Amino acid sequence: MFAAERRQLILEMVRANGAVSLRELARVVQTSEVTVRRDVRALEAEGLLDRRHGGAVLPGGFTRESGFPQKSHLATAEKTAIADLAAGLVEEGEAIVVGAGTTTQELARRLARVPGLTVVTNSLLVAQALAHANRVEVVMTGGTLRGSNYALVGSGAEQSLQGLRVSKAFLSGSGLTAERGLSTSNMLSASVDRALVQAAAEVVVLADHSKLGTDTMFQTVPTDVITRLVTDESPAHDERAATELQALADQGVQIAVAGASGGGTADGTGTPGASGGDSVARQQRRDVPLPGPRRQVPGAAAGLRSATALSEQNGGTERARVADLRRR
């Protein structure tokens, strides 16, 4: 594919989705992330898009929200890894709220195995993922259906959450920065997410690395309210994502990185409070070899036999001399 063709395809993907990661762009155009980054830089110079941490967005500073069909095919491996790690934060018998989104949908599929769980959600996708879990109780909010992400929004959804109290809220969004926290591109979705946050003692944000540093229109969760961020391992060359993670950690957010060694936190300690084995750094087992048969130095056995024979010979000579003296 020629450079002009690649850049046209990249531009079409960004226009269709609002925000696309470099990893996804490289996969679609079948080239390296280094080449894609060069193309994105060229398109940014022309004012056709803006670069963001690990990806590209529509020009103007704020990304628009893409629909569910586009979201469901983006960063699928990253979302799966994040959901695996986040599921380890949920304990048997807990009551939690789960917001709308494709990443939270992946989480819900894993929560179906947690006995005695109560899940409050405004997402039809989350409820569908838990519909056949006979040990999980699902509570749906009221509200008006928003078809682009299959979520219930509006005053009905917000009022149904009043007076609710749960242990944790699991939320996703369109962007996350240390300065503004979690944000989304839709005002109605942001309002319901804020109501979900008010109901929870802890707030867990699920966001893949392409959302780090991306700022969207409506703030949902300020940084100082976020208890923990579960994200995926960003590419080694993405220094800005690492900087954003450090800035979030500096403000007290606990960082859990899916795909890192042992799924540890930003300080390398393992995710506090997690019950899943994937979220705790595993000890490496050292196998100490058992001692085998002792090796003999070549010729040692022969030397030992020679020494024994010599000793016996000397002993026999000595005994003969003693007997001769006695006869005398």
Side-chain angles (χ1 to χ4, degrees), residues 13-25 40 49-76 78-79 82-83 86 97-107 121-126 146-154 157 169-197 203-223 225-226 228-232 234 238 240-241 244-245 247-248 253:
M13 288 183 64
V14 174
R15 285 173 176 171
N17 299 299
V20 187
S21 68
L22 289 177
R23 186 178 299 172
E24 185 67 15
L25 289 172
V40 168
L49 51 75
D50 288 343
R51 286 185 297 161
R52 284 294 182 269
H53 295 230
V57 301
L58 290 173
F62 296 102
T63 62
R64 68 176 178 83
E65 186 178 29
S66 54
F68 172 77
Q70 292 83 17
K71 287 182 178 180
S72 62
H73 297 293
L74 293 175
T76 53
E78 291 85 347
K79 292 172 184 176
I82 290 169
V97 295
V98 179
T102 52
T103 310
T104 51
Q105 180 189 21
E106 287 295 325
L107 171 64
T121 184
N122 69 320
S123 169
L124 298 186
L125 298 175
V126 169
R146 184 166 178 258
S148 61
N149 64 346
Y150 300 94
L152 297 171
V153 297
F170 291 86
L171 298 176
S172 187
S174 302
L176 177 65
T177 65
E179 182 180 358
R180 292 186 71 220
L182 189 67
S183 61
T184 187
S185 303
N186 182 267
M187 181 174 63
L188 294 175
S189 296
S191 186
V192 174
D193 282 352
R194 284 193 287 267
L196 292 172
V197 169
V203 178
V204 182
V205 171
L206 313 180
D208 66 78
H209 73 275
S210 66
K211 295 179 181 178
L212 296 176
T214 299
D215 202 2
T216 52
M217 192 171 295
F218 300 99
Q219 183 192 57
T220 56
V221 189
T223 305
V225 178
I226 300 173
R228 182 179 288 111
L229 165 65
V230 183
T231 186
D232 65 304
S234 59
D238 193 353
R240 290 183 297 179
E244 198 73 42
L245 283 177
L248 288 164
V253 178

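Each residue takes its place number in the sequence, starting with 1. Just so you know, these numbers come straight off a predicted model, no measurement behind them.
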Between [atom1] on residue [X] and [atom2] on residue [Y], distance to nearest 0.5 Å:
| X | Y | atom1 | atom2 | value |
| --- | --- | --- | --- | --- |
| Glu24 | Met13 | CD | CE | 5.5 Å |
| Met187 | Met217 | CE | CE | 10.5 Å |
| Leu107 | Lys79 | CG | NZ | 13.5 Å |
| Leu188 | Asn122 | CG | CG | 11.5 Å |

Is the shortest heavy-atom distance from the side chain of [X] to the side chain of [Y] under 4.5 Å?
| X | Y | answer |
| --- | --- | --- |
| Leu182 | Val225 | no |
| Lys211 | Ser172 | yes |
| Leu152 | Val192 | no |
| Leu206 | Glu106 | no |

So, using side-chain contact (heavy atoms from CB on, under 4.5 Å) as the criterion, who are the partners of [X] when residues are at least two apart?
| X | value |
| --- | --- |
| Leu124 | Met140, Leu145, Tyr150 |
| Asp193 | Leu171, Leu196, Thr220 |
| Ala169 | Val97, Ala200 |
| Thr223 | Leu248, Gln251, Val253 |

key: Any side-chain donor near an acceptor of the partner, Ser210 and Asp208, under 3.5 Å   =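 Asp208 and Ser210 do have a side-chain donor-acceptor pair below 3.5 Å.
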Kindly give the heavy-atom pair with the smallest separation between [X] and [Y], and that separation in Å.
| X | Y | result |
| --- | --- | --- |
| Ala207 | Leu176 | CB-CD2, 4.5 Å |
| Phe218 | Ala190 | CB-CB, 3.7 Å |
| Thr184 | Ser174 | OG1-OG, 3.6 Å |

With [X], which residues qualify under side-chain hydrogen bond (donor to acceptor under 3.5 Å, both in side chains), at least two apart?
| X | answer |
| --- | --- |
| Thr231 | none |
| Ser183 | Thr216 |
| Ser191 | Glu158 |

Looking only at atom types and distance, does a side-chain atom of [X] sit under 3.5 Å from a main-chain N or O of [Y], one as donor and one as acceptor?
| X | Y | result |
| --- | --- | --- |
| Thr121 | Val98 | yes |
| Arg146 | Gly154 | no |
| Glu244 | Ala178 | yes |

